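Heads up: the structure comes next, in structure tokens.
Sequence positions, counted from 1, serve as the residue numbers for this chain. None of the values given here were measured: they were computed from a predicted structure. FYI, side chains are in, hydrogens and waters are out, and symmetry mates aren't considered; it's all heavy atoms of this structure.
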Amino acid sequence: MELEGRSAGGVAGGPAAGPGRSPGESALLDGWLQRGVGRGAGGGEAGAYQTPVRLDPESGPEYEALPAGATVTTHMVAGAVAGILEHCVMYPIDCVKTRMQSLQPDPAARYRNVLEALWRIIRTEGLWRPMRGLNVTATGAGPAHALYFACYEKLKKTLSDVIHPGGNSHIANGIEPPRAGPHFPNSLGLAAVSASQPRMVWSGSLGLGAAGCVATLLHDAAMNPAEVVKQRMQMYNSPYHRVTDCVRAVWQNEGAGAFYRSYTTQLTMNVPFQAIHFMTYEFLQEHFNPQRRYNPSSHVLCGACAGAVAAAATTPLDVCKTLLNTQESLALSSNITGHITGMANAFRTVYQVGGVTAYFRGVQARVIYQIPSTAIAWSVYEFFKYLITKRQEEWRAGK
């Protein structure tokens with residue numbers, strides 16, 4: 001998410017330490033310049049480059065761009081913790097969402113709103129009923145999010161180098177870069193002195209574009225079996241009280257393919273979800289946190305709003321995914337094949353049973369679930385990046 005001011009020319013050499021600049025700051029700035037700050041595609045004359053001005057020497061290194069020495073484990077640990085917390089904290093609301101998406105629920109499982117549903121589930125089925133299936137969700141969420149963030153960070157760098165050698169491409173990130181200007185500092189606190197620098201390019205935005213889409217393939221491959229088991233255990237009058245019972249029954253009665261029956265629908269939902277989610281997040285960050293400093297309140301606010309918009313827009317696909325995962329008995333009775341398979345079949349069945357409005361069943365619960373869950377995920381992931389970056393910089397300074 002750091003912003004890099006690029007001129008038409010190249011850089012002949014890094015800046016030497018001077019008045020008001022410590023040797024450490026000069027070394028940090030030299031490193032950034034060597035990685036392409038102010039370097040044009042053609043590597044033009046040194047005179048075409050305008051020396052940046054340090055706006056905030058106390059701001060420190062940009063935490064959102066993890067240091068070059070950061071390992072894959074760094075991304076995997078941060079992503080895994082964020083994913084587990086995101087799913088576990090909001091799990092009761094997820095249970096309500098699954099039930100509200102039922103096409104023809106039992107009369108005892110018809111709910112007017114999320115709070116009423118949660119209260120009735122606890123009162124009639126027990127305090128821990130909304131938490132059934134939490135263990136398999138946490139088991140799936142850890143590896144799924146670890147794979148997602150590690151794959152994303154790697155592919156983001158690789159695709160940026162391929163599309164825009166020596167720099168970063170907004171095609172890989174998915175957002176048109178903003179105009180450069182003295183009031184829009186980049187991650188080093190630098191502003192262009194010359195108006196000849198036409199654009200500034202994002203080179204650390206999270207999960208945008210092609211990298212996020214490819215990472216979603218791995219995330220969903222790891223998470224889909226857990227989703228199937230979880231949603232079957234969440235349904236009203238579910239016969240499954242333990243994860244192993246559900247896994248065994250699905251395997252014996254429907255085969256291994258049942259665990260991936262909704263995979264294509266999940267992908268079809270998550271690719272636009274991630275695109276809307278991360279582009280909305282980046283758009284809001286430009287307004288609330290343009291200098292991309294560690295600002296927990298902005299991460300919470302932007303993450304929550306981005307999650308809500310993406311959740312509402314993709315609810316019809318989520319309803320179809322729930323139907324494919326749970327294989328509701330009423331829907332099955334209207335299907336001549338005995339099992340609902342494929343996104344087209346699911347869309348047709350939803351319409352036959354409930355009409356157009358059925359595509360938006362549970363939208364309230366889905367949005368309510370997504371607001372805090374995405375806020376939690378962004379806050380935890382950004383905190384881990386900040387903490388890891390700070391520790392690595394302290395370790396390097398002490399060498």
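Under the 4.5 Å side-chain heavy-atom criterion for grouping Ile, Leu, Val, Met, Phe, Trp and Tyr, Leu301 is connected to Leu284 within one hydrophobic cluster. Cluster annotation: Met90 is connected to Trp128 through the hydrophobic network of ILVMFWY side chains, with a link wherever side-chain heavy atoms come within less than 4.5 Å. No continuous path of hydrophobic side-chain contacts links Tyr148 to Met223 [ILVMFWY only; heavy atoms under 4.5 Å]. Connection of Leu317 to Val309 is not established within any shared hydrophobic cluster, with ILVMFWY side chains joined at heavy-atom distances below 4.5 Å, either directly or through further cluster members. Hydrophobic clustering of Ile, Leu, Val, Met, Phe, Trp and Tyr side chains at less than 4.5 Å, counting indirect connections, unites Ile122 with Tyr369.
Here the closest non-hydrogen pair linking Val228 and Ala258 is CG2-O, 3.9 Å. Here the closest non-hydrogen pair linking Tyr240 and Ala249 is CE2-CB, 3.6 Å. Here the shortest heavy-atom pairing between Thr280 and Ala306 reads CG2-CA, 3.7 Å.
Arg129 is listed as a side-chain neighbour of Ser238, based on a closest heavy-atom distance under 4.5 Å. Using a 4.5 Å cut-off on side-chain heavy atoms (C-beta onward), Met233 and His241 make no contact. Inter-residue side-chain proximity for Glu254 and Arg261 is flagged as met; some heavy-atom pair is nearer than 4.5 Å. By the 4.5 Å heavy-atom criterion applied to side chains, Ser102 and Arg361 are not counted as neighbours. At least one side-chain heavy atom of Gln364 sits less than 4.5 Å from a side-chain heavy atom of Val114. With contacts defined as side-chain heavy-atom distances shorter than 4.5 Å, the pair Val350/Leu323 qualifies. Inter-residue side-chain proximity for Tyr236 and Pro105 is flagged as unmet; no heavy-atom pair is nearer than 4.5 Å. The side-chain heavy atoms of Pro296 and Phe383, taken from C-beta on, include no pair separated by under 4.5 Å.
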query: So Asn270 and Thr216, side chain to side chain donor-acceptor pair (under 3.5 Å) or not? Walk me through it.
result: CA-CA 7 Å; Asn270 278 348; Thr216 299; over 6 Å; no
query: Stepwise, does the side-chain contact (heavy atoms from CB on, under 4.5 Å) test hold for Cys88 with Thr137?
result: CA-CA 8 Å; Cys88 291; Thr137 300; over 6 Å; no
- request: List the steps and the verdict of side-chain contact (heavy atoms from CB on, under 4.5 Å) for Tyr263 and Lys321.
  value: CA-CA 8 Å; Tyr263 183 56; Lys321 183 206 75 172; over 6 Å; no
- request: Verify side-chain contact (heavy atoms from CB on, under 4.5 Å) between Arg366 and Thr314, making sure each step is shown before the conclusion.
  value: CA-CA 10 Å; Arg366 179 166 163 78; Thr314 56; 2.7 Å; yes
task: Begin with the C-alpha distance, continue with both residues' side-chain angles, and end with the deciding distance and a verdict on side-chain contact (heavy atoms from CB on, under 4.5 Å) for Phe360 and Val319.
output: CA-CA 7 Å; Phe360 292 92; Val319 172; over 6 Å; no
- request: Could you give me the CA-CA distance, side-chain angles and deciding distance for Phe283 and His287, then say whether ring pair (Phe, Tyr, Trp, His ring centres under 6.0 Å) is met?
  value: CA-CA 7 Å; Phe283 174 78; His287 288 77; 4.7 Å; yes
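Looking only at distances, a side-chain donor or acceptor of His145 sits under 3.5 Å from a matching main-chain atom of Ala141. Arg120 places a side-chain N or O within donor-acceptor distance of the main-chain N or O of Arg110, the cut-off being under 3.5 Å. Remark: the backbone N or O of Ala221 is paired with a side-chain donor or acceptor of Tyr260 at under 3.5 angstrom. Proximity of a side-chain donor or acceptor of Asn289 to a complementary backbone N or O of Gln285 within less than 3.5 Å is not detected. Using a distance-only test at 3.5 Å, with no hydrogens or angles considered, a donor-acceptor pair links the side chain of Tyr91 to the main chain of Arg132.
In this structure, the separation between CG on Leu103 and CD on Gln352 is 11.0 Å, given to the nearest 0.5 Å. Rounding to the nearest 0.5 angstrom, the gap separating the OG1 atom in Thr315 from the CD atom in Gln370 is 9.5 Å. Rounding to the nearest 0.5 angstrom, the gap separating the CZ atom in Phe288 from the OG atom in Ser298 is 9.0 Å. A distance of 12.0 Å separates CD1 in Ile376 from CD1 in Ile371, rounded to the nearest 0.5 Å. Distance CD1/Ile340 to CG/Asn325: 11.0 Å, rounded to 0.5 Å. Residue Gln231 holds its CD atom at 7.5 Å from OG of Ser262, rounded to the nearest 0.5 Å.
In summary, of the residues considered (Arg232, Lys230, Glu227, Gln234), a side chain to side chain donor-acceptor pair (under 3.5 Å) with Thr98 occurs for Gln234 alone.
Gln101 and Thr322 share a donor-acceptor pair across their side chains, judged by distance under 3.5 Å alone.
In this structure, Tyr359 and Phe347 have tilted ring planes: the angle between them lies in the 30° to 60° band. Aromatic ring orientation, Trp251 versus Phe259: tilted (interplanar angle from 30° to 60°).
Classification of Glu125 and Arg99 as a salt-bridged pair holds, one side-chain N sitting under 4.0 Å from a carboxylate O. Taking the charged nitrogens against the carboxylate oxygens, Asp318 and Lys97 do have a contact shorter than 4.0 Å, which makes a salt bridge.
The number of heavy-atom neighbours closer than 6.0 Å to CZ of Arg112, taken from other residues, nucleotides and ligands shown, is 12 or below.
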